[in-house]
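In what follows, every heavy atom counts, from backbone to side chain, and hydrogens, waters and symmetry copies are set aside. Chain letters run A, B, ... following the sequence lines, proteins first, then strands; residues in each count from 1. Everything numeric here is computed off the predicted structure, so don't read it as measured data.
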Number of protein chains: 2
Amino acid sequence: MESQDLRKAGLKVTLPRLKVLEILEKTEQRHMSAEDVYKSLLEMGEEIGLATVYRVLTQFEDAGLVARLSIDGGHAVFELEDGIHHDHLLCVRCNRIEEFTDDVIEERQRAIAKQKGFQMTDHALYIYGICTECQ
Amino acid sequence: MESQDLRKAGLKVTLPRLKVLEILEKTEQRHMSAEDVYKSLLEMGEEIGLATVYRVLTQFEDAGLVARLSIDGGHAVFELEDGIHHDHLLCVRCNRIEEFTDDVIEERQRAIAKQKGFQMTDHALYIYGICTECQ
DNA sequence: CTATAAATGAGAAGGGTTTTCATTTAATAT
DNA sequence: ATATTAAATGAAAACCCTTCTCATTTATAG
Ligand SMILES: [Mn+2]
Ligand SMILES: [Mn+2]
Ligand SMILES: [Zn+2]
Ligand SMILES: [Zn+2]
């Protein structure tokens, strides 16, 4: 029952929120833009406004239920937060997104931040390229 | 004479282009938004339109004279292209930008792209944090 | 000096996202 | 169940950064 997740986050249990969660759980792309979520809702026959989708996604982000990626120049994509940190490879042709984790890179980042006197709060690493399908 | 750089790039030598180059060369921040450049021009008494600033910066980027960073969600910043690849640390409080290079990370990125079958075209690595001044 | 292709400025338009505000709804207290 | 109240919603307007349009100006080649 994901109603609990919402209540835990101090959010009322509403149809838009339940449906957005449901979509994020069921999608196989895993990474969806607000527009993608909005269109999925329409396909399900749920008439939920785009503004609400943005609001809900932002609240989910604040609640730690969802992670937001800000892709180069353009729109954001959202994914269910699974607690396992990872970074992304993006295909510049088809927009496919793949995930990876690399402990060596993570460690080097910490070292660099330390060396520069920065208290690291976050980082973003995107590898752009052409995926196997698109070559 | 930076007129040569312009001609080499197939660009006419115009006052807006010379002035934008001059500003990028003289700034001590090294990383400037289009708005920053525009304001500097005004301070110099040059009435050059913001649209022209954007156009010129984009042309410089295409010509390899300037590099563009797309910072998280928001606006872009530009810097003179020095040919030496580097990544960035960004202070989330004061927006200070520092640079770093890390061969280990660069190599790991190549390995990850290869392993995932991606032809890497580019990458973006931003470390966010609180700089020494701001802690 | 002329011709011409390129560059400019001003403002409109664009795309993604956020805000506003009147209306509806979920949660809580009767 | 019902009334109360704070929160959530939808639709449209506003926003922000950036690009485009188009009439006018300018750099460059002949
Ligand atoms: Mn992911
Ligand atoms: Mn830099
Ligand atoms: Zn692809
Ligand atoms: Zn700082």
**Q** When every nucleotide of nucleotides 11-24 of chain D is labelled 5' to 3' by its protein contacts under 4.0 Å (heavy atoms), B for base, S for sugar-phosphate only, - for none, what sequence of letters results?
**A** BB----SBBBB---
**Q** Has B/Glu47 got more than 12 heavy atoms of other residues, nucleotides or ligands less than 6.0 Å from its CD?
**A**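 Counting other residues, nucleotides and ligands, CD of B/Glu47 stays at 12 neighbours or fewer.
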**Q** Using side-chain hydrogen bond (donor to acceptor under 3.5 Å, both in side chains), reason through A/Arg55 and A/Thr52 one step at a time and then give a plain yes or no.
**A** CA-CA 5 Å; A/Arg55 266 188 299 240; A/Thr52 299; 3.3 Å; yes
**Q** How long is the line joining CG of A/Leu15 and P of C/dT24, in whole Å?
**A**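 After rounding, the gap between these two atoms is 17 Å.
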**Q** D/dT9, OP1 or OP2 - any side-chain N/O from A/Thr14 closer than 4.0 Å?
**A**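 Checking A/Thr14 against D/dT9: at least one side-chain N or O falls below 4.0 Å of OP1 or OP2.
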**Q** Nearest whole angstrom, please: distance from the P of C/dG16 to the CG of A/Leu69.
**A**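 After rounding, the reported distance stands at 16 Å.
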**Q** In whole Å, what is the span from the CG atom of B/Leu18 to the C1' atom of C/dT8?
**A**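 After rounding, the gap between these two atoms is 14 Å.
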**Q** Using atom CG of A/Leu11 as one end and atom P of C/dT25 as the other, report the distance to the nearest whole Å.
**A**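 Rounded to whole Å, this separation is 19 Å.
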**Q** Shortest non-hydrogen contact from A/Glu99 to B/Lys116?
**A**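 It is O-NZ, 3.2 Å.
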**Q** To the nearest Å, give me how far apart CD (B/Glu46) and C1' (C/dT8) are.
**A**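 Result: 14 Å.
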**Q** What's the NZ-C1' distance between A/Lys19 and D/dT9, to the nearest Å?
**A**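 So the NZ-C1' distance, A/Lys19 to D/dT9, works out to 17 Å.
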**Q** With B/Met32 as reference, evaluate B/Leu24, B/Val77, B/Leu57, B/Val66 under the side-chain contact (heavy atoms from CB on, under 4.5 Å) test and give the passing residue.
**A**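 That would be B/Leu24; it is the only one of B/Leu24, B/Val77, B/Leu57, B/Val66 passing the side-chain contact (heavy atoms from CB on, under 4.5 Å) with B/Met32.
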**Q** Check the orientation of B/Tyr126 and B/Tyr128. Use parallel for under 30°, tilted for 30 to 60°, and perpendicular for over 60°.
**A**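 Judged by the thresholds at 30° and 60°, the geometry between B/Tyr126 and B/Tyr128 is tilted.
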**Q** How close or far is atom P of C/dA6 from atom CG of B/Leu6, stated in whole angstroms?
**A**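 Rounded to the whole Å, the gap is 16 Å.
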**Q** What's the CZ-P distance between A/Arg7 and C/dA26, to the nearest Å?
**A**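 It works out to 12 Å between those atoms.
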**Q** Do you know which of A/Asp103, A/Asp87, A/Asp102 makes salt bridge (Lys or Arg N to Asp or Glu O under 4.0 Å) with B/Arg108?
**A**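 Of the listed options, the one satisfying the test is A/Asp102.
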